[in-house]
K.L.:
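I'd like to ask some things about the structure below.
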Amino acid sequence: MSEQNFNNNKQPVDSSDRKSGENSLERIKNMSSDELINKYFKSTYQPPDIRKARKRYREEIEVHYDFTIPENVRNIGENRKFLIQTYGCQMNEHDSEVMAGILTEMGYTAANSEEEADVILLNTCAIRENAENKVFGQIGHLKQLKREKPDLILGVCGCMSQQETVVNRILEKHQHVDLIFGTHNIHRLPELIQEAMFAKASVVEVWSKEGDIFENLPKARQGNIKAWVNIMYGCDKFCTYCIVPMTRGKERSRRPEDIIQEVRHLAAEGYQEITLLGQNVNSYGKDFEDIEYRFGDLLNDIHKIDIPRVRFMTPHPRDFDDHAIEVLAKGGNLLDHIHLPVQSGSNEILRRMNRKYTRESYLELVRKIKEAIPNVTLTTDIIVGFPNETDEQFEETMTLVEEVGFESAYTFIYSPREGTPAAARKDETPMEVKRERLQRLNELVNKQAAESMQQYEGQTVKVLVEGESKRDPNVLSGYTEKNKVVNFKGPKSAIGKIIPVKITEAKTWSLDGKMVEKSIGVNS
Ligand code: 5AD
Ligand code: SF4
């Protein structure tokens with residue numbers, strides 16, 4: 001493993017120095033900050049490099065089942081509180097649950113506010129520039145708190161920490177940050193907190209090489225109704241706009257028996273819904289050398305487990321094979337809502353994005369899915385303003401959205417990410433044009449979303465009730481199988497249950513309804 005560790009008054013120390021103790025600390029105290037960065041960081045850290053990253057070594061991924069919190073840090077968090085602020089995708093949300101689990105085992109309890117916290121971790125996202133800007137804004141905001149409370153440990157982790165430029169910027173300009181660690185180092189949290197705490201110095205540990213799989217990390221899940229389940233880590237697709245293959249590393253699938261055991265436990269604990277997580281879920285199993293077991297096989301096995309709802313995020317159109325479709329068509333707990341990112345409707349843009357499919361092959365996949373699962377709901381992700389996208393190419397995205405009939409879409413303006421191939425291209429399309437395109441696309445998506453909601457008026461749908469509505473505590477809120485929000489009046493005892501609700505009014509992004517008499521049993 002290439003490992004970096006920075007220590008000693010904002011100055012980096014590598015692991016060997018750490019072990020050899022004070023003499024090394026004295027030695028590095030005399031080095032300039034540039035010397036230190038060159039010696040201990042740049043020499044081992046690999047910044048995003050598409051060519052190097054592509055040469056993914058087929059080294060065996062080790063699966064570890066032996067995580068323990070070291071004896072000497074086990075109670076370090078007693079009478080102390082932690083706060084994790086999460087940015088970005090579900091993968092980050094779930095990583096935060098793991099970090100919360102580790103901190104809880106170290107004796108920490110959850111803080112209700114920044115002021116109350118002894119440890120604040122920012123779990124960051126690098127997917128677009130505005131995600132990064134938000135984090136830098138928050139780092140700046142927390143400077144005052146750190147001044148008032150010098151013992152506070154402020155850590156930055158997640159995808160941003162995997163980027164050398166970000167780490168350098170934090171080291172240079174935000175010296176109140178105590179701890180920086182990457183996405184592959186989460187299992188090292190106990191030791192890292194200890195170092196940050198006792199050395200009273202900034203600690204950086206970022207591994208450029210993707211990690212092994214750690215199976216038995218503790219998790220403090222948010223709530224007891226829905227749960228995330230990682231099935232794989234990393235991404236080997238290398239879409240030319242995307243930083244993820246660099247920040248999350250190569251594809252590594254969890255062993256099927258470990259996933260199935262986790263899902264069984266969740267079912268036994270009474271969870272109602274799981275979402276199988278991965279940057280590219282339907283690449284699942286391609287990296288197994290000893291068994292032939294793919295995403296369709298996993299779905300098939302999970303289909304037999306007694307958990308009411310199973311979702312997955314995010315599949316890649318290129319890897320959607322017939323077997324997965326065939327299994328999904330069995331229904332049951334496999335819900336008929338598929339989020340299938342298309343990104344663009346233009347073949348030329350898809351080619352330049354390295355998406356490895358065409359408009360026609362995407363539409364053919366949609367046709368197959370609709371044929372096998374006639375009631376299916378499709379949603380998607382779309383990027384507008386990829387470098388030099390023409391008006392005509394954008395129009396092809398608009399017509400594709402209509403043709404597929406997406407019921408909703410996450411839409412983004414392309415954001416150049418340093419180290420990705422697309423960012424190196426000169427882009428002639430003005431931002432104003434990109435904004436107009438986004439607005440037009442959003443209007444179309446909103447129109448289709450509103451139309452799709454209309455069909456539910458008068459229908460009875462199954463709602464997994466999650467809690468009180470944010471706006472009105474007298475109203476309960478939950479999700480249908482197709483992931484539509486439903487608000488209705490009902491007893492608190494309905495929370496955590498799946499109940500029938502009759503839809504009285506459709507809005508663009510939510511449905512209002514009335515509890516069906518039959519479900520009154522939830523009162524008991
Ligand atoms: N700019 C804009 N959107 C991006 N996405 C990924 N990278 C970028 C980028 N550089 C979008 C894609 C992806 C979603 C998670 O984020 O649509 O599916
Ligand atoms: Fe990024 Fe998804 Fe493409 Fe992987 S498949 S490179 S995560 S957009």
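All ligand and atom numbering here is 1-based and tracks the order in the structure.
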K.L.:
For a quick test of reading the model, state the closest non-hydrogen atom pair linking Pro308 to Ile498 and the distance between them.
P.N.:
CB-CD1, 3.6 Å
K.L.:
Looking at Arg425 and Glu389, is any side-chain nitrogen of the basic one under 4.0 Å from a carboxylate oxygen of the acidic one?
P.N.:
no
K.L.:
Considering non-hydrogen atoms of the protein only, which is the closest contact for atom 6 (C) of ligand 1, and what is the distance?
P.N.:
Ile127 CG1, 3.4 Å
K.L.:
Is ligand 1 less than 4.0 angstrom away from at least one heavy atom of Ile413?
P.N.:
yes
K.L.:
Taking all atoms of both residues into account, what is the closest heavy-atom pair of Trp228 and Arg221, and its distance?
P.N.:
O-NH1, 2.7 Å
K.L.:
Tell me, please: is Arg355 in heavy-atom contact with ligand 2, that is, under 4.0 Å?
P.N.:
yes
K.L.:
For ligand 1, which atoms sit closer than 4.0 Å to a heavy atom of Ile383?
P.N.:
3 (N), 4 (C), 5 (N), 12 (C), 17 (O)
K.L.:
Can you figure out which of Pro416, Ser415, Cys125 has its heavy atom closest to atom 9 (C) of ligand 1?
P.N.:
Ser415
K.L.:
Using a heavy-atom cut-off of under 4.0 Å, does the side chain or the backbone of Asn280 touch ligand 2, or both, or neither?
P.N.:
neither
K.L.:
Find all atoms of ligand 2 within a distance of less than 4.0 Å from any non-hydrogen atom belonging to His316, and give their numbers and elements.
P.N.:
5 (S)
K.L.:
Is it the side chain (CB and beyond), the backbone, both or neither of Arg248 that lies under 4.0 Å from ligand 2, heavy atoms counted?
P.N.:
neither
K.L.:
Run the numbers for me: atoms of ligand 2, each under 4.0 Å from some heavy atom of Cys235, listed by number.
P.N.:
4 (Fe), 5 (S), 6 (S), 7 (S)
K.L.:
Using a 4.0 Å cut-off to any heavy atom of Val244, which atoms of ligand 2 qualify?
P.N.:
7 (S)
K.L.:
Atom 12 (C) of ligand 1: which protein heavy atom is closest, and how many Å away?
P.N.:
Gln343 OE1, 3.4 Å
K.L.:
Relative to the heavy atoms of Phe238, which atoms of ligand 2 are at a distance of less than 4.0 Å?
P.N.:
6 (S)
K.L.:
Tell me which protein heavy atom sits closest to atom 1 (Fe) of ligand 2, plus the residue, atom name and distance to 0.1 Å.
P.N.:
Cys242 SG, 2.3 Å
K.L.:
Which residue supplies the protein heavy atom nearest to atom 15 (C) of ligand 1, what is that atom called, and how far is it?
P.N.:
Asp381 OD2, 3.8 Å
K.L.:
Using only heavy-atom distances, determine whether the side chains of Asp319 and Ser283 contain a donor-acceptor pair under 3.5 Å.
P.N.:
yes
K.L.:
Could you tell me how the ring of Tyr414 sits relative to the ring of Phe386: parallel (under 30°), tilted (30 to 60°) or perpendicular (over 60°)?
P.N.:
perpendicular
K.L.:
Looking at Asp290 and Arg255, is any side-chain nitrogen of the basic one under 4.0 Å from a carboxylate oxygen of the acidic one?
P.N.:
yes
K.L.:
How close do Ser477 and Val485 get, heavy atom to heavy atom, and via which atoms?
P.N.:
OG-CG1, 3.7 Å
K.L.:
With heavy-atom distances below 4.0 Å as the criterion, list the atoms of ligand 2 near Tyr241.
P.N.:
8 (S)
K.L.:
Kindly indicate whether a cation-pi arrangement holds for Lys434 with Phe394, taking the cut-offs as under 6.0 Å to the six-membered ring centre and within 45° of the axis.
P.N.:
no
K.L.:
Is it the side chain (CB and beyond), the backbone, both or neither of Pro245 that lies under 4.0 Å from ligand 2, heavy atoms counted?
P.N.:
side chain
K.L.:
Tell me whether atom 4 (Fe) of ligand 2 has Cys239 as a neighbour, meaning an N, O or S atom of it below 2.8 Å.
P.N.:
no
K.L.:
Report, in ascending order of atom number, the atoms of ligand 1 lying under 4.0 Å from any heavy atom of Arg417.
P.N.:
10 (N)
K.L.:
Of all heavy-atom pairs between Ile259 and Asn230, which one has the smallest distance, and what is that distance?
P.N.:
CG1-O, 4.2 Å
K.L.:
Starting from atom 2 (Fe) of ligand 2, find the nearest protein heavy-atom neighbour and note its residue, name and distance.
P.N.:
Gln279 O, 4.2 Å
K.L.:
Polar-atom distance check: Tyr414 versus ligand 1, any N or O pair below 3.5 Å?
P.N.:
no
K.L.:
Do me a favour and list the nearest non-hydrogen protein atom to atom 7 (N) of ligand 1 with residue, atom name and distance?
P.N.:
Tyr241 CD1, 3.3 Å
K.L.:
Using the six-membered ring wherever Trp is involved, compare the ring planes of Phe412 and Tyr410 and label them parallel, tilted or perpendicular (cut-offs 30° and 60°).
P.N.:
parallel
K.L.:
Nearest heavy-atom pair of Ala449 and Ser452: which atoms, and what distance?
P.N.:
O-OG, 2.8 Å
K.L.:
Quick check: Arg128 and ligand 1, any N/O pair under 3.5 Å apart?
P.N.:
yes
K.L.:
Determine the minimum heavy-atom distance between Thr380 and Leu340, stating which atoms define it.
P.N.:
OG1-O, 2.8 Å
K.L.:
A side-chain contact here means heavy atoms from C-beta on lying under 4.5 Å apart; do Ile349 and Asn347 qualify?
P.N.:
no
